[in-house]
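Throughout, numbering of the chain's residues begins at 1 and tracks the sequence. This structure is a prediction, so every number in the text was calculated from the model and none was measured.
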Amino acid sequence: MKPARRYLALHLPFWEAEHLRQSHPDLLADTPLALWARQGARRLLVAVDQAAAAAGLEPGQALADAEALLPALLVLPAQPEASAAGLRNLALWAQRFTPLSAPLPPDGLLLDITGCDHLFGGEAALLSKTLADLAALGLTAQGAVASAAASAMALARVRRDAPIIAAGSEEKAVAPLPLGTALRLPGGMVEDLARLGVRSIGDALRQPRAPLARRFGAPLLNALDAAAGHRAPPITPIAAPPELSVTRALPEPILTAEAIAALLDRLLAALCARLARAGLGARRLCLLTFRVDGTEQRLVIGTGAPNRDPAHLARLFAEPLASLAPELGFERFTLHALATDPMGAEGQGALPMGAAPRPDGVLAQLLDRLGQRLRLARPAPQPSHWPERQWRAAPPHEAPIATPPGWGSRTAPVLLRRRPEAVQVTAFAEGAPAAMHWRGRVYPLTRAEGPLRLEAEWWHGGALPPARDYHRVQLASGERLWLCHAGGRWVVQGDLP
């Protein structure tokens, strides 16, 4: 008889909030955190951390109610794409326990541990180690082991005692579990079942199947059968990324710049061949050099667009190579592709013999070479009417962004100061500034226009800052400034033409 497969399921109840906190270590650790998203005209919580949950907040709650209940709450917009990518990375991290792992969005992982548990001292020891390692990463997790993947996941969502269920006992183990939490059924379906007296998986399994199918459809029956271990829905394990590094150990140490450059050319050719087979282009490369005295030196380059042209990448390494200090020589080299993006054959930087270079490719390579020495960016418009939010520094290779309607229609300063300078307005004429105290001197104003009132952008959520009044003023010297008055404070925010 073929032995039953065994699955370890992990539920991360605060995944989205904890992942965002990991991605932004500057967030205060002792401040409750909640994430919100817009659903129609309403702003609702979609995730909370453990501290916010302990204060009584939960997903689905109105944002305004949550802020009223917990004034110290830190509220940020949800980032579903980043959370999903983080969950995939966590599934790759879990392959230290088994080669078969899969993310179960939005907050679960499934590990096929068949034949792997003995390496860790048994299923109980493996489950305990997995939970401990996740806790060391700052992640709250609940786990369960069973012979049916859906049974293990249902148990992990509800039970906190890390149960391990013997093969064939799945239906008995999941019977007491509440339907909504264990199976993630829609809220309306859970309420309709509750009105029929069906609140647990066991209650639903005892009902006649035909009436359930007519009223609630096949998805309910499929979920019940999977949780009870009667059917096995397909699971696609996540594939580990291709090995994108090459290493060369040398029989004799090398010292000269020419020998190092020649070896790097061979490493780049081998790595670019692997990238081509994987359909990828490099965005960030790292060269590790190991000296005979055991010390290590590291060189990192980046590209704005995915690239696997060895000649272009070698040119980017040319200047950093001069910083290497070989001393008694290097005996081993490793070249890693730290970041990659999909790249088709048409994006390859190398050109066939006699072909004219594409202008976009030539520009991309020029920007890459300049980017090794300078910090490059280009201004991109933003949909905002507050001056400092009207643009952002975009990567030079980023696709052009359409200008928002009405953007730039108001006269703005030619130079917006990074740090506005505080001033004191000492005299007014007909409500407009007439003189100001600035940099230790009093300056009479020969001309003043305004105010232009800009209200706070309430649609971003959170506490609203005070409205701003802008004045265009001119000094006797002819210098023209942009004054801002907000919250009883005057500042010079920009210089006018």
Side-chain angles (χ1 to χ4, degrees), residues 5-24 35 37 46-50 59 78-117 120 123 126-160 162-163 174 181-186 219 222-223 226-227 231-244 278-280 339-342:
R5 303 201 70 82
R6 300 292 284 172
Y7 297 95
L8 190 159
L10 296 165
H11 173 55
L12 308 166
F14 310 113
W15 163 250
E16 289 190 61
E18 290 177 340
H19 175 257
L20 183 66
R21 197 180 289 278
Q22 283 185 334
S23 305
H24 298 79
L35 308 182
V46 295
V48 297
D49 68 356
Q50 196 163 10
Q79 300 179 7
E81 294 84 2
S83 177
L87 194 63
R88 291 192 295 271
N89 290 336
L90 195 63
L92 291 172
W93 169 88
Q95 289 186 349
R96 65 190 60 198
F97 305 112
T98 172
L100 301 176
S101 63
L104 297 181
D107 53 14
L109 294 177
L110 185 66
L111 282 62
D112 186 339
I113 60 171
T114 308
C116 298
D117 57 288
F120 302 89
E123 292 179 347
L126 175 55
L127 178 55
S128 177
K129 176 173 175 54
T130 305
L131 296 176
D133 288 357
L134 288 171
L137 295 176
L139 299 175
T140 305
Q142 300 169 193
V145 176
S147 289
S151 305
M153 199 67 239
L155 290 163
R157 289 179 183 139
V158 178
R159 292 178 55 172
R160 301 182 180 180
V174 302
T181 307
L183 301 185
R184 296 281 176 87
L185 299 178
N222 292 339
R231 66 185 299 269
I235 298 168
T236 304
I238 192 168
E243 180 65 30
L244 297 178
L280 299 173
T340 60
D341 276 342

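- Of all heavy-atom pairs between L131 and G143, the closest is CD2-N, 3.9 Å.
- Contact annotation: the side chain of E16 never approaches that of V48 to less than 4.5 Å [non-hydrogen atoms, C-beta and beyond].
- How far OG1 of T130 is from CG of L111: 6.5 Å, rounded to the nearest 0.5 Å.
- Counted by atom type alone, R6 and T114 present zero donor-acceptor pairs between their side chains at under 3.5 Å.
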side-chain contact (heavy atoms from CB on, under 4.5 Å) between L92 and L90, intermediate numbers included: CA-CA 5 Å; L92 291 172; L90 195 63; over 6 Å; no

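- Atom-to-atom distance recorded for L87:CG and W93:CH2 is 12.0 Å, nearest 0.5 angstrom.
- In this structure, P99 and C116 have side chains that are in contact, with non-hydrogen atoms separated by less than 4.5 Å.
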Output, in order, the C-alpha distance, side-chain angles, deciding distance and verdict of side-chain contact (heavy atoms from CB on, under 4.5 Å) for L109 and W15. CA-CA 11 Å; L109 294 177; W15 163 250; over 6 Å; no

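- Nearest heavy-atom pair, L127 versus A144, reported as atom, atom and distance to 0.1 Å: CD1-N, 4.2 Å.
- Of all heavy-atom pairs spanning A37 and V46, the tightest one is CB-CG1, 3.8 Å.
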L183 and R157: CA distance, side-chain angles, deciding distance, side-chain contact (heavy atoms from CB on, under 4.5 Å) verdict: CA-CA 9 Å; L183 301 185; R157 289 179 183 139; 5.6 Å; no

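- In this structure, A156 and A9 approach most closely via the heavy-atom pair CB-O, 3.8 Å.
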Trace of the side-chain contact (heavy atoms from CB on, under 4.5 Å) decision for Q142 with R159: CA-CA 7 Å; Q142 300 169 193; R159 292 178 55 172; over 6 Å; no

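- Two residues are said to be in side-chain contact when any heavy atoms from C-beta on lie closer than 4.5 Å; S151 and V174 meet this criterion.
- Taken to the nearest 0.5 Å, the CD1 atom of I238 stands 6.5 Å off from the OG atom of S101.
- Residues H11 and P13 meet the side-chain proximity criterion, which asks for heavy atoms closer than 4.5 Å.
- By the 6.0 Å contact criterion, CZ on R231 is enclosed, its count of non-hydrogen atoms from other residues, nucleotides or ligands being greater than 12.
- With contacts defined as side-chain heavy-atom distances shorter than 4.5 Å, the pair V145/Y7 does not qualify.
- Under 4.0 Å is where a charged nitrogen must lie from a carboxylate oxygen, and between R184 and D107 at least one such pair does.
- Here L110 contributes atom CG and L10 contributes atom CG; the two are 8.5 Å apart, rounded to the nearest 0.5 Å.
- In this structure, OG in S83 is found 11.0 Å from CD in E18, a value given to the nearest 0.5 Å.
- Here F14 contributes atom CZ and Q50 contributes atom CD; the two are 5.0 Å apart, rounded to the nearest 0.5 Å.
- Between L8 and the choices I113, T98, D117, the side-chain contact (heavy atoms from CB on, under 4.5 Å) rule is met once, by I113.
- In terms of heavy-atom proximity, P237 sits nearest to A102 at CA-CB, 4.0 Å.
- The two residues F97 and F120 come nearest to each other via the heavy atoms O-CE1, 3.6 Å.
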